[in-house]
Structure formats: C-alpha cells, structure tokens
Amino acid sequence: MKYREYKNINYAEVADEVLEFWKKNDIFKKSVDEKEGAESFVFYEGPPSANGTPGIHHVMARAVKDIFCRYKTLKGYQVNRKGGWDTHGLPVELQVEKELGITKEDIGKKISVEEYNQKCREAVMKFKNEWDDLTEKMGYWVDLDDPYITFDKNYMETLWHLLKKFYDKDLLYKGYTIQPYSPAAGTGLSSHELNQPGTYRDVKDTSIVAQFKAKKTDATAKLFDGDEEVFFLAWTTTPWTLPSNAALAVGKKISYVKVKTFNPYTFLPVSVIVAKDLMGKYFSEKAKEIAFDDYKSGDKLIPWEVTGEFSGEDLVGMPYEQLMPYVTNDELEAKAFRVIPGDFVSTEDGTGIVHIAPTFGADDFLAAKLADVPGVMVKDETGKDVPLVDKQGRFVAEVTDYAGKYVKAEYYSDEENSAKDFKPTDVLIAIQLKEENKAFNVTKYEHSYPHCWRTDKPILYYPLDSWFIKTTAYKDRLVELNKTINWKPASTGTGRFGNWLENLVDWNLSRSRYWGTPLPIWVSEDKTEEICIGSIAELKVEIEKSITAGYMTEQIGEDFDLHRPYVDDVFLVSASGQKMYREPDLIDVWFDSGAMPYAQFHFMGDDPKADPVKEGGLKEVYPANFIAEGVDQTRGWFFTLHAISVMLFDKVSFQNVIANGLVLDKKGNKMSKRLGNAVNPFETLKKYGPDATRWYMISNANPWDNLKFDIEGVAESQRRFFGTLYNTYSFFSLYANLDGFTFSEKAIPLAERTESDQWVISKLNTLVKKVDEAYDEYEPTKAARLIQDFVIDDMSNWYVRLNRKRFWKGEYNEDKRAAYQSLYTCLKTVAKLGAPIAPFFLDRLYSDLNAVSGSENHESVHLSNFPVADEAAINIELEARMDMAQKISSLVHSLRKKERLKVRQPLAKIMIPVMNENTVSRVSAVKDLILNEVNIKEIEFLDDTSGVLVKSIKPNFRKLGKEFGPKMKDVSNLINAFDQDQIAEIEKNNSLTVDLNGEAITLTLEDVEIASQDIPGWLVASEGGITVALDINLTDELRQEGIARDLVNRIQNLRKDQGLEVQDKIKVSLRSDEEVVTAAVQAFNSYICEETQANELKLVDSLSAGQELDIDELKISAQIEVC
RNA sequence: GGGCUUAUAGCUCAGCUGGUUAGAGCGCUACACUGAUAAUGUAGAGGUCCGAGGUUCGAGUCCCCGUAAGCCCA
C-alpha cells in the first residue's frame, strides 16, 4: 500500500471528491449517530430566508457555525444540527408585490388574501435549491432533510402556545405606541417604508417658541422675585401639537437662566427660563446695555437682564399652566403640566426645554411614560381614549377653535389650499398665541421631515393600537441572565445588547400584514371580552361553542391553515354570548425565529426541561450551548431568543454566542448587488475550493470584526498554507513510499529520537494545547493562525528543511524511521486540528495517511477524536534552545551574506559570548543542528576571561520604574553612561553603588540588562541578546570541501537535467587542470559519491561528452552515466 | 440624535496587565539557495501607531474631546 501521490493538486476537485465520499458513506449522519448516548452539544440554527440568493457573507457566518459543531464532535459530543427556514414577513411580501406589480392596497381587491398568501408561500422557498447547494459545497453540516419551517402548521401552533403563556402571565396586552402614520393613506408605515429614498424632504414649517407660565407654588418659589410672571420657553416645529402638550422636558445637567425682558409681540414685561447656552439666540448683546426704563413698546431692541440661574435638576417637578386648555381632566391636572427630565434634551437648537406631547412623539411618549405623565386625550363615541387629532389628520370637536381643521396644510385639497384667505393651522395657532402673550418667537424653520412614499404628503407620528409583550416587567431578570452568557466579542454582550436591555421598551408584536403568524386573540364586538387561543384543539372547542351559538356553521377540518384569511373567518362566542372577531394583526416575525428552540420540535408543554424530545419535551436540546449569527441580529434574533426564554422559562436559551461582523468588499464598502461589488460565493468556491475560502475568512480577521473580502487573500491562503501543507505531504509520501514506511513498526520512544524530532513533537503538543484552548474559547481565528504558523514555520521551514537528508539518504534505519514517524504524527495531528476549519482537504490528508498506516479505525477525520496534548512530550527548555538555534543560524546567514560567503563553503568556526550558564548548555545541545544548517565546523564559547568582549548595558525600566518613579530619567542616563569597568563590576559583585545627584543608590544585576555587543576584530552580529562572531579564514581543506560541495550540487543538477530518478545509480567522470579541484576530488571522493548516488567517481584526462561546470572561476568538465 | 465597533507599513493583520529600537505575512527591490523548486533563505526600502489635549519618569496601549468608516436603534 502506497501513500497517495498527486501530480498537480486541484483543491476544488479534491473537495468535490471528498463531498462525494461524504455523501456516499453518510459521514455526516455517522458523525452524529456514532455519538448516540454521549453528552450532547446543542446548537441552534438561526433560520435564513430562502427568498433571496445566498451571498459570500453566508459562507462566513456558516463557516463559524460549522467549525464549532465539528470541533465539539471531535471532542466526543453528539451535535445534532437541525436546519431551518425563516419564511414569514415583510421582505417576502414586498417581493411578491413587486413580482405581481401590486401594492398593499390591492390585496383583497385585485388579488384575494388567499391567492396572495399562496404566492408568498411559493416565493419564500424560491431559492431553496441554491441554498442547499451552497450548504453542501461549502461543507456546512446541518440537517437539511428535516428542517423546521416557520410557516409549518405545527411550528405555528407552538407559537400560539407560547403566546398563550404570555397572555396567561398577563404579559400580553393591547396598548398604543407612536408610529409613523399617513393620514392621507390611512395607514401606518413600517420603518422599511420610511427608509425609502426620497422619504425625507426639507420643508419649511412654522416654528414657535411658546411661553409656558410657571404656577406660583412652593415648588416654584425660587423662580420668582416679587410678583413678576415667569415663563418656561419651549420650542416646537409642530405647533399643532401644542394643544396636546402635557409636560416640558429639561436636561438634568443643563444650566438654565432666568432672563428679565419684554415680550416682543405684546411688549409686556416677562421673565423667561431658557438654557444658558442658547441665550444668544434670543437676546442680542447690543440690547443688554439698554435701560429697562428707556424701553418703549415696539422698540426693535429689547432690553434684558439675567436674574437667576438654575440647573435642570432644580426645575424638574415645577408645575405650569396648560398652554392651550381645550382638554383637561382630573388625572391631567394631578399628573401633567409640569417639568420632567428627558435625556434626549440638548442645547443644539430651540431653548433647551422641550415641549412634550405624549400622543404625537415617540420620545415624548417615552419620557412622559417614565415620568408618569398621561397624554392629553378625549373619549370617542365608544368611550375609548383617542388623541386630539383624528385619523384623517383633523382636530377633534373638543379643540373648539380648530375643530375639523387639518393639522398640516398639505392635507387640504389644492383648491382649499390656494384660497385667498387660507391660513395653515400652525399659523392660526401662532397668531392666537402671539395675541395671548404666549408666544415669544415665531419663525419659519427649515428641516428634514418624512413623507409618505405613496401620497407624497407629510406623515404624522400618531398613536396606533398594538399588542405588546410586557418585556419591561422582566427587565432586571433579562439583564441578570444576560450576564451569564458568554458573548464573543464580550463588548456586544455588555454594550450593544446590554444597553439595549437596560433601555428596554415593551415589545410591539403587531404587524398589519397578511403573510405571517396571526395573533390568536379574539375580541368581542364591544371590546370588553377577549380570549387567547393556545392550540388548535382549544380553537376547536371554542368553535363548537360558536356553532351552538350560531356564529359558525361548521367545525374546521384537519387540514385547516392557520394563516389568514382562514383564521379571520373563524368567529367565536364570548362568555356573555357576544360574537368575537380575531384581532386582525399578525405577529412580528422575530417572534417566529425567537421561538425556534420550542417550535422546531412542536413543543406544547410547560417545562422544556421536563421530558425528552420523544415525549414532547426539550430536555436534551434546550438551552443551546452555542449559536452564531450576524451582529445585526443583536436586537433581532438574539433578543427574541433571550426574551422568550427568560420570560417564560426563566432560563437563558443560549450559553455561548458569536456575533459575527459584516463581509465587506476589499475596499471596505458594503457589498450590494446593485453596486456590482458582491462576491459570488459559488464562483469563489468553484475556483479556490471551500477549504481555502473558509481558511482565508477565518484566519484573516476575527469573525466579529468586519471582513474586507479580497479574493487575492483566498489565493494567498491557498498558496501559503495549503501549498506548504501539500508540499510537506508530497515530500513525505515520496520518500515514505520509496522506503515502504507504513508506520507498522512500533513508535520509537521520544527520548531515542533526535533533538529536532523531539522539538517538533514538543511544538506539536504545545500547538494541540493552544488550539484546543482557542476553539474552546470560541476563538477560531486564533486557532487557524496557530495551526498555520506551525505548519509553515515549524514543520515545513525548520523541521523538514533541517531533516531533508534523513528522509532520502541511506538505509531504512532507526533514525530514518524516527524522522518518518515524527513527520507523520505532525501531519496527522494537523489534519485533525484544522479539520473543523478546512473540512475537505484535511479529511483527504488524514485519509491518505491513515489509508496506509491503518493506525486509526475511522473512515473520516470527522469521525476521529481531537488530539490530546501529551504534556510529557512538551519540553519548554528544548523549545527555548531551538529558538536560540534559529536565531544563531539566522545571524550567521546574515553575516555570510555580508561577506558574500555562500552556504556551500564551509567555515571553520563561530564564536558565541557566554552570558550565563544557560547559553553553553543550550547552544551545546543544538550545536550539531546549527553547524549543519550554516555549514560551520565548530562553535567556540567566549567567556569573560577571554577579555575581548565589549558589553552594553541598559536599564530594566519595568523594575527601576517601580523603585525610582520620577527619578527614572536620571537613573537611566546614569546607567547608559556606564563604562566597561562599571559593567564588569556590577556583573562581578551583583551590585554597584553610584551617585545620583548626591544620593548614593545601589543597583543590582536585576536592575539592568547586559548584553555582549561586540568582539573587536571579528565579524559580529547580534539580535535579542545573542551575539555571534564568524571566523572567515579559509584553509585549504575548507576550500576543498567547498569545492566538493559545489561538485555535488552540479552533479545533482546534471542528474536532474538528464531526468534521472532519485534511486538511479551513476558513474561520474571529471576532468580538470586545477590542482585545488583534483585535490578536492581525491579528498572528498566518497562524500561526493554518497551524496550523488554514484558508484564511482574518477578523474580522467579527457572526456568524450563532458559538460562544462562553472564553479567560481574554476574550469571543470564532467560526464555522468547511469550504471 | 443615541448606542456599539473599527482606525498601526502600499494591502491584510499581531502588539498580553503602560517599559524606551512598534512586529508578521503579502507586495516591491537586490542577492543567495536549488533532489520540497509555482518552494526557500538573507538583506533593503516602507510608520505623525486617525487628530488634538491630559495622566505618567515613560503612552500604539489608560482618560477626555474630536474626525472617518461601518452596524443597530430613533
């Protein structure tokens, strides 16, 4: 049996072959089944939506997921990975609407809801095949045969089950939030619609700085001097919201001043409160000097004077008179019309005091809610609270002066708008306030304001009914349990996610849509009775009652679809006998995905930890040990998983999470199909294969950093890492096949192997330990870089380079076997370590090795076990001295280079100054390696007694800093100025007392670093505390040996030129007049023969078909013949 | 507007709890090596460590304020 040899490896082809092999032999299934009974490692797949084609970033995201599942499998866990599809939601709907050329308004008119939803159902799986294809080709192991699908009936039933649990815990309620709303279109707008280009436009609105009159009470006493009138100034660009004013917000840390002045419209004396930083906007420096007595009504310059200063904190709680008292009630009088804190208040513009209308601004709503300020509302005919503006955008009757008027001029018809005496409502309000001494400043203000993309008219922020999950009730617990989750990177957990939890608002579940999970709540006609349905069985029971009551005619069938419009046709009966209608909302699709831990197994129980899956529980599959998804999911999937799990089951749903970054193009721009800079994953995989693609992505940047994807980088990974690994394997297999090495012999004990064998095995075991740690800490990039460095630097560029000869030279003896065994172990171990990241190529490497040795009983690396580091094989001291050997070799190479002395020319000796006992013992141990590597005959150690060393000294800052602190500079100067005698003294006595500005201080050896810097008269190089001197004198013998080596080299070239096989034996004839050449041939005859596989080497007087060899200036011709 | 991340050589990235000459790979230039050869070695060029302040004997590293890019949320 031979090791497989490759002519020109094609990595993509290898991957294809391996993929075939996996398929044919069910390797993925086996990797799970073989672990039956083992501890499970639970992974949750965040479901992608298959309504678009996959991109290169999906390769990244899925590589991350795959790596840890494979790693844990190697570590002995059973890792089930159920695939999934996210199928509901807006993107699907928009795509269908685009395809059909319809808008939302056409649904139910041009197309029935039934047909529409059918289209969505088809569209959502449109690219499933492409996704499955990518999954396979990139080597992402996930169960695609039995995925969960969010539109599946069972899946949706679990969602109802969970919603019912929220409902029963009193955590599901109907309320309102402020949402973008288009009165012209009569519909709320999604943030997606608001993000359409052209939505935000610059418009000029009437802006008013209104005067809110402070009430005189104990709380406001400090505002008043005598019987003046004091007003808070607040600015608004939406005057129509002023009748709904319920509070004024200030920044707690902002400074405010009270300014005594006159109202510019009524000329009445007033004192106004405004942020100190914004005073300049309203009061001119010029007017400051004017005496109050000189002021006459109508003067342009109005005198002013600062008469007090307050912090925002001081103002909080102060009551004021309602500005436009159309609507009030007891609750408002008790809680509203006072100053509250708002952390969004700034001194960028306005007055530093913000007018709060809780019914018409999201910030307003929240700030008011926090301060327990109710909104200004009236009751409609059904007794429900409604805002002062109706859904058409007109004031309600209670706002008497403006009843029926549109709040925005744009809502009037063009005709009305262009009438001669037409005035927009905002202007009318401004006029009224000016007359009533309630306006301090009225101007036109240009700002950007969102418009409805369908009607082109400005939108309103308007309170709309929604169903909420009361997440705020569990805020503390959500925060607390989040702290037990291992976030990668940690900052996403504490920062982005942690802050999000700290500032939690209730989760708005409602979506006014068609394609999604319907809210399972039915409400009676008078809205007083409601019921939440938690399962299909429950629904059937209610329908039975409804049939009896006469609201339904028949029971739903077995194939009943839980989607709209079918559920909308179900009417139930309330306890009091009323007909009940389903609340028309769908639920947020994030609830779909956040519920996947339960819904993927159709969980309908109460305690997910109670029973195994077989019996309807989730015992073995909840919570997840690991999930990974894009950082953009922080407030999406990560949050909904966490919220549902904590609120219903008081448990985290995932213990470790990687939030990976984006994949950008090589310039750092976002990839988009529109810009044409998107990388096609299929092309990349086809050209470079999945291994190089994955390796590049993982090794180049941490998954949580954005990756600037450069296809050249993939090529580099392939060349550098896979090329080197492949070369090493080729080298190994070439000679192992010749020698028939199959690792059938017993492993040679480490202690009996060479220094470099022991070293590479030591390095390998250190590697195993570190890589294991890196994977275990969810640091795939660290793992990849460690493996790569080992393969390239340690295994290939050092171990193989130094030991090449042992593989191709001489008998198949103990030493050779040790070399084969060491290299084999390295290759096999690397295959296992890297297999999670590059699953195809490393499976092939493993299998190629194992096919011959049969040392492991696994048909794939993915069925094998992760290596265990052998601590006994790790020898730190050995690694340290090899490090020294590398440094010394590098220094000698550098010296040779300077003197143009090629490595083939042997040199007599190098000298190394001895700094401590370690030097001698360490260097001695690796002496042969060094001599061999740099072609030197001897190493000589120089100690102090030689008297030739020139030393350098520098302060040990770390140590001295603690001791001397501020005096460091002087101490440092002192030490740098030491002469050779002083250095010698401190070395000898381990202490030296010197004078520091008149103070005697004692330094010890620990306070300084001494290095030998120079050996006068020799060629010297030093680096990192090691110094090497090179003897460049050539003796005749050295010269001859140099020539002999050159001859070997030239003869080898001839062999190669003539196409000889490695094992062919030859006869060599040489002819030269040069004495030094003939001497060299005589002296090194057997050496040359051995090196060149020659049976015979002779000097002749003439050659029939000799070839000229060019060695330095010497003339030689040579002829070789195969024996 | 708020939160978070990133910024180090032409490019991609290291740089641990602060320690004085900031590293690697790729790319570029020159030389060497040549039974691993589309490999390898050595050397060279290339840095306001995004900017400004501060803490410190000492800052790429810590603090503050900015700038730019990106993501999420308003």
Side-chain angles (χ1 to χ4, degrees), chain A residues 8 178 191 194 343-346 348 361-363 366 461 489 491-492 494-500 502-503 505 630-636 639 659 661-662 664 666-670 696 699-702 704-710 712-713 715-717 719-721 723-724 726-732 734-735 781-782 785 788-789 792-793 796-797 800-801 804-805 807-809 889-898 900-904 933-934 954-962 964-972 976 1048-1050 1052-1053 1055-1056 1060-1062 1091-1093:
Chain A
N8 283 311
I178 310 304
S191 57
L194 221 53
D343 52 16
F344 52 87
V345 178
S346 77
E348 297 271 305
D363 277 343
L366 281 178
Y461 287 96
S491 59
T492 297
T494 53
R496 190 182 282 214
F497 195 68
N499 287 336
W500 163 248
E502 293 287 348
N503 299 308
V505 294
V631 67
D632 53 339
Q633 298 285 339
T634 307
R635 291 169 187 196
F639 172 67
L662 267 73
L664 308 168
K666 65 177 176 183
K667 288 181 191 148
N669 298 314
K670 209 177 162 178
Y696 161 70
S699 66
N700 192 60
N702 280 314
W704 38 88
D705 289 330
N706 289 346
L707 172 70
K708 290 183 196 160
F709 187 88
D710 186 356
E712 287 303 316
E716 187 186 320
S717 272
R719 261 203 319 271
R720 208 170 133 68
F721 175 67
T724 306
Y726 160 74
N727 266 336
T728 308
Y729 170 77
S730 301
F731 173 82
F732 167 83
L734 175 66
Y735 296 110
T781 306
K782 248 184 209 167
R785 287 177 179 170
Q788 182 165 312
D789 289 347
I792 296 171
D793 296 336
S796 174
N797 288 352
V800 173
R801 191 152 60 84
R804 269 187 306 210
K805 280 196 182 138
F807 290 88
W808 51 262
K809 205 170 142 184
S889 301
S890 160
L891 288 170
V892 175
H893 278 304
S894 148
L895 287 170
R896 276 180 170 275
K897 150 89 184 156
K898 251 184 227 156
R900 298 184 156 270
L901 286 163
K902 55 192 173 191
V903 179
R904 266 200 301 270
E933 169 68 9
V934 297
K954 70 175 187 180
N956 179 350
F957 286 94
R958 207 187 276 270
K959 172 132 198 315
L960 289 172
K962 289 200 184 82
F964 292 101
K967 288 183 234 160
M968 261 307 286
K969 251 194 183 122
D970 295 331
V971 178
S972 160
N976 284 329
V1048 169
N1049 166 243
R1050 300 307 191 274
Q1052 296 284 34
N1053 284 347
R1055 286 182 62 116
K1056 223 169 155 187
L1060 300 190
E1061 293 298 320
V1062 174
E1091 293 292 315
T1092 60
Q1093 309 272 342

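Order of the sequence lines sets the chain letters (A, B, ...), proteins ahead of strands, with each chain counted from 1. This is a predicted model, so every value here is computed, not measured.
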Taking the [atom1] atom of each, how far is [N] from [M], in whole Å?
| N | M | atom1 | result |
| --- | --- | --- | --- |
| B/U12 | B/G1 | C1' | 35 Å |
| B/C11 | B/G46 | P | 16 Å |
| B/U5 | B/A38 | C1' | 40 Å |
| B/C49 | B/A9 | C1' | 10 Å |
| B/G47 | B/A7 | C1' | 14 Å |
| B/U56 | B/U67 | C1' | 26 Å |
| B/G58 | B/G53 | P | 16 Å |
| B/A74 | B/U55 | P | 42 Å |

Quiz item: Which comes earlier along RNA chain B counting from the 5' end, the contact point of A/L960 or that of A/S730, where each point is its nearest nucleotide?
Solution: A/L960
Self-check item: Along RNA chain B (nearest heavy atom to each residue), the more 5'-positioned of A/P955 and A/W808
Solution: A/P955
Contact summary for [X] and [Y], nearest pair of heavy atoms:
| X | Y | value |
| --- | --- | --- |
| A/A701 | A/L707 | CB-CD1, 4.3 Å |
| A/N976 | A/P955 | OD1-CD, 3.5 Å |
| A/T492 | A/A659 | CG2-CB, 4.2 Å |
| A/V934 | A/H893 | CG1-NE2, 4.1 Å |
| A/E933 | A/V903 | O-CG1, 4.1 Å |
| A/R720 | A/Q788 | NE-NE2, 4.5 Å |

Quiz item: Does A/N797 make a side-chain N or O approach to OP1 or OP2 of B/G41 shorter than 4.0 Å?
Solution: yes
Quiz item: Looking at A/K708, does any N or O in its side chain come under 4.0 Å of the phosphate oxygens OP1/OP2 on B/U12?
Solution: yes
Gap between atoms [atom1] and [atom2], on [X] and [N] respectively (whole Å):
| X | N | atom1 | atom2 | answer |
| --- | --- | --- | --- | --- |
| A/Q1052 | B/C33 | CD | P | 15 Å |
| A/N1053 | B/C33 | CG | P | 11 Å |
| A/N727 | B/U40 | CG | P | 8 Å |
| A/D363 | B/C73 | CG | P | 16 Å |
| A/E502 | B/C73 | CD | P | 19 Å |
| A/R719 | B/A39 | CZ | C1' | 12 Å |
| A/D789 | B/A24 | CG | P | 13 Å |
| A/R804 | B/G41 | CZ | P | 11 Å |

Counting any heavy atom closer than 4.0 Å, what does [X] reach on the DNA or RNA strands: base, sugar-phosphate only, or nothing?
| X | value |
| --- | --- |
| A/G961 | base |
| A/Y696 | nothing |
| A/R720 | sugar-phosphate |
| A/V800 | base |
| A/N1049 | sugar-phosphate |
| A/N702 | sugar-phosphate |

Self-check item: A/K782 atom NZ, neighbour heavy-atom count above 12 within 6.0 Å
Solution: no
N/O to N/O distances under 3.5 Å, protein versus nucleotides 42-44 of chain B:
none

Nearest of [options] to any side-chain atom of [X]?
| X | options | result |
| --- | --- | --- |
| A/N706 | B/U40, B/G70, B/G25 | B/G70 |
| A/M968 | B/C71, B/G19, B/C26 | B/G19 |
| A/R958 | B/A36, B/U17, B/G25 | B/U17 |
| A/R785 | B/A39, B/A14, B/G19 | B/A14 |

Self-check item: Structure string for RNA chain B in dot-bracket form, Watson-Crick and G-U at under 3.5 Å, | interchain
Solution: (((((((..((((.....[...)))).(((((.......))))).....((.((..]....)).))))))))).
Quiz item: Going through the distances and angles, do A/N706 and A/K708 end up as a side-chain contact (heavy atoms from CB on, under 4.5 Å)?
Solution: CA-CA 6 Å; A/N706 289 346; A/K708 290 183 196 160; over 6 Å; no
Practice problem: Assert yes or no for the condition that the ring centre distance of A/F709 to A/Y696 is strictly below 6.0 Å. | Solution: yes
Quiz item: Hey, what's the ring geometry for A/Y729 with A/F732, parallel, tilted or perpendicular (30° and 60° as the breaks)?
Solution: tilted
Quiz item: Can you give one letter per nucleotide of nucleotides 2-9 of chain B, 5' to 3': B if a protein heavy atom sits under 4.0 Å from the base, S if only from the sugar-phosphate, - if neither?
Solution: -BBS----
Quiz item: So, do A/N797 and A/I792 sit near enough that their side-chain heavy atoms are less than 4.5 Å apart?
Solution: yes
Quiz item: Between the base of B/A36 and the side chain of A/S796, is there any donor-acceptor pair under 3.5 Å?
Solution: yes
Quiz prompt | CZ on A/F731 to CZ on A/R801, rounded to 0.5 Å | solution = 12.5 Å
Quiz prompt | Test item: A/R785 side-chain N/O and A/N700 main-chain N/O as donor-acceptor pair under 3.5 Å | solution = yes
Quiz item: Checking A/N702 side chain against A/W704 main chain: does a donor-acceptor pair fall under 3.5 Å?
Solution: no
